[in-house]
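I have placed the structure first, in the form of structure tokens, so that the comments after it can refer back to it.
Numbering of ligands and ligand atoms starts at 1, following listing order. No hydrogens, no waters, no symmetry mates; every other heavy atom, side chains included, goes into these values. If you're wondering where the values come from, they're calculated on a predicted model, not measured in any experiment.
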Amino acid sequence: MDLGEAWARVLAGLPPNQRAWLTNSRPVTLHESTAIVAVPDDFTRGQLETRLRPDLERILTESFGRDIRIAVTVDPSLDPELREPQAPPQPVVREPLRTDGAFQPTIQSALTDPDTTGQQFRQPPNQGIGQQPPAHHSGQRFDQPAGQQYTTQQPQQFGAPQQQPQQFGQPLPNGSAPAQPATEAQGEARLNPKYTFETFVIGSSNRFAHAAAVAVAEAPGKAYNPQLIYGDSGLGKTHLLHAIGHYVRSLYTGARVRYVSSEEFTNDFINAIRDDKASQFQRRYRDVDVLLIDDIQFLEGKIQTQEEFFHTFNTLHNANKQIVISSDRAPKRLEALEDRLRNRFEWGLITDIQPPDLETRIAILRKKAATERLTAPPEVLEFIASKVQTNIRELEGALIRVTAFASLNRQPVDLSLAEIVLKDLIPEGSKPEVTASMIMGQTASYFGLSIDDLCGSSRSRVLVTARQIAMYLCRELTDLSLPKIGQQFGGRDHTTVMHAERKIRQLMSERRSVFNQVTELTNRIKHQAKQQ
Ligand SMILES: Nc1ncnc2c1ncn2[C@@H]1O[C@H](COP(=O)(O)OP(=O)(O)OP(=O)(O)O)[C@@H](O)[C@H]1O
């Protein structure tokens with residue numbers, strides 16, 4: 001059965017008062033267990049997401065013989081009143097600019113063979129894994145050099161009236177400059193300039209999440225709301241959240257975008273209560289057009305913060321503002337989160353990211369090497385990609401180690417050198433768990449310091465380096481988030497951890513002593529983890 005047939009059963013199976021809501025709706029596509037349905041306006045979407053959802057999902061589940069959930073997207077062109085009665089004949093354009101929100105073709109064309117009717121997502125032929133989606137993707141070409149896609153020459157005004165879809169950002173000709181300087185984008189929105197769609201490598205493991213993220217950025221508040229991206233640590237969730245933020249800001253002038261980890265949200269909330277600044281806090285998170293909230297699992301068990309986030313969510317959702325959430329688990333498995341929050345997450349589109357396959361890992365390394373100006377021949381990239389399989393952060397870390405070692409020794413990067421540097425990498429799967437306290441303990445004893453020294457405020461040179469190495473290793477060897485690592489080191493801010501990571505990466509290729517210290521410590525820590 002295809003989605004069209006199943007949808008006919010839905011229409012036949014509903015009572016007339018419910019069926020009326022579906023008059024101008026359209027089933028778009030089925031991806032795994034998610035049926036995407038387009039409706040003409042936000043009000044209808046609200047009805048489908050709440051009142052009609054149980055019946056729709058029941059009939060679809062019966063039709064397909066497996067659990068199906070719906071994700072509802074707004075496509076204003078489905079509104080009969082907005083259709084042009086007699087559109088003048090148009091010349092045939094191979095890659096038309098979309099003016100109606102652009103989200104369904106985006107997600108569909110990114111995932112389907114252009115020659116099929118698009119009822120099933122599947123990998124397009126001729127498309128190498130790890131490459132960009134087809135050129136017709138949302139009317140833009142994807143074979144342009146990095147930095148030239150996803151940008152517009154004249155960003156559109158944000159908050160255009162809903163019935164005027166042509167006001168939404170239209171991807172404009174290629175090669176145009178970003179609408180806003182990176183510094184501004186980094187400021188209020190707090191976005192990492194490196195995490196953009198251009199630097200994100202697409203493979204079968206993340207294609208759906210990526211396509212949905214592009215769709216959401218092109219039509220914030222309309223395409224899918226909320227979008228939830230889940231997957232294991234280091235697979236690119238944060239990267240996608242930031243990429244959405246950048247792209248929205250380049251498409252819509254004045255769009256208010258805010259990225260926050262849920263730990264920061266929690267701390268901010270606690271401080272606001274303490275300092276009696278609740279209304280300031282609320283303005284910060286509610287007066288935005290796009291809220292990107294990372295690692296939502298940290299809200300588990302935090303009742304008051306969940307309550308506050310629930311209201312933030314409702315305020316934004318009611319005002320058709322976009323919410324994008326990341327989590328390390330599917331919402332169903334966020335057991336210590338209140339039902340009403342979990343339930344709201346299910347209103348939108350849930351997308352997962354899986355560990356990348358070998359070709360995608362190689363493509364990621366190739367891109368990383370190009371952006372960081374690291375030189376490594378293909379066989380070395382393949383070797384690294386075959387050694388590190390489940391965490392992209394570790395994959396990048398391995399590349400940095402190999403190239404840093406080569407530069408220190410003034411040797412070319414080749415296979416034998418890579419084998420030497422990575423010989424101690426323990427095969428994944430049997431990977432023992434490394435904890436922050438192990439790293440801190442080993443680092444402290446290696447440098448003849450105490451844990452208190454690492455957590456304290458002394459800025460002597462040895463101490464600063466030791467502290468930064470320990471933070472770097474926490475980043476590389478554990479799944480801890482930046483704020484969590486900051487907390488371990490005497491409640492430091494997450495930006496301090498980011499700085500430490502950058503600093504040590506740099507020092508490793510400049511100072512042999514630092515490279516040796518990091519390597520030696522890694523071995524000791526992994527050895528200890530194996531013993532336990
Ligand atoms: N598909 C990809 N293409 C290019 N780089 C990627 C991709 N996926 C992840 N990365 C890189 O891998 C690193 C880790 O990614 P990121 O921090 O987004 O992971 P995460 O899923 O948010 O992890 P965590 O749950 O631990 O926060 C980043 O440097 C990111 O740029």
**Asked** Between His246 and Tyr195, does the ring centroid distance fall short of 6.0 Å?
**Response** no
**Prompt:** Which residue owns the protein heavy atom closest to atom 6 (C) of ligand 1, what's the atom, and how far is it?
**Reply:** Ile392 CG2, 3.8 Å
**Fill in**
Residues His494 and Leu482: closest non-hydrogen pair is CB-CB, 3.7 Å
**Message:** Just so I know, are the side chains of Asp295 and Glu263 near enough to count as touching, which here means a heavy-atom distance under 4.5 Å?
**Reply:** no
**Fill in**
atom 4 (C) of ligand 1 has as its nearest protein heavy atom Thr199 O, 3.3 Å
**Prompt:** With a cut-off of under 6.0 Å to the ring centre and 45° to the axis, is Arg340 in cation-pi contact with Phe310?
**Reply:** yes
**Message:** Is the shortest side-chain heavy-atom distance between Leu292 and Asp294 below 4.5 Å?
**Reply:** no
**Request:** Please write down residue, atom name and distance for the protein heavy atom closest to atom 26 (O) of ligand 1.
**Result:** Ser233 OG, 2.6 Å
**Sub-4.0 Å heavy-atom contact, Arg393 with ligand 1** = yes
**Complete:** protein heavy-atom neighbour closest to atom 3 (N) of ligand 1 works out as Val201 N, 2.8 Å
**Asked** Within a reach of under 6.0 Å around CD of Gln411, are more than 12 heavy atoms found that belong to other residues, nucleotides or ligands?
**Response** yes
**Prompt:** What is the closest protein heavy atom to atom 25 (O) of ligand 1, and at what distance does it sit?
**Reply:** Lys237 NZ, 3.0 Å
**Asked** So, Arg393 and Glu501, do they make that salt bridge, N to O below 4.0 Å?
**Response** no
**Prompt:** Any N or O on Lys368 sitting closer than 3.5 Å to an N or O of ligand 1?
**Reply:** no
**Request:** Starting from atom 23 (O) of ligand 1, locate the nearest protein heavy atom and write down its residue, its atom name and how far away it is, to 0.1 Å.
**Result:** Gly234 N, 2.7 Å
**Asked** At what distance is the nearest protein heavy atom to atom 18 (O) of ligand 1, and which residue and atom is it?
**Response** His239 N, 2.8 Å
**Message:** Could you tell me, atom by atom, which parts of ligand 1 come under 4.0 Å of a heavy atom of Asp295?
**Reply:** 25 (O), 27 (O)
**Request:** Looking only at protein heavy atoms, identify the closest one to atom 11 (C) of ligand 1 and say how far it is in Å.
**Result:** Glu396 OE2, 3.3 Å
**Request:** Indicate whether the side chain of Thr496 and that of Asp493 have a donor and an acceptor atom separated by less than 3.5 Å.
**Result:** no
**Item:** Quiz item: cation-pi between Arg505 and Tyr472, 6.0 Å / 45°
**Value:** no
**Request:** Using a strict cut-off of 4.0 Å, indicate which atoms of ligand 1 neighbour a heavy atom of Leu235.
**Result:** 8 (N), 9 (C), 19 (O), 20 (P), 21 (O)
**Proximal atoms of ligand 1 relative to Asp232 (non-hydrogen, under 4.0 Å)** = 21 (O)
**Request:** Run through Phe313, Phe265, Phe309, Phe269 and flag the one making a ring pair (Phe, Tyr, Trp, His ring centres under 6.0 Å) with Tyr285.
**Result:** Phe265
**Message:** Check this for me - ligand 1, Phe200, N or O atoms closer than 3.5 angstrom, yes or no?
**Reply:** no
**Atom indices of ligand 1 within 4.0 angstrom of Asn206 heavy atoms, with elements** = 1 (N)
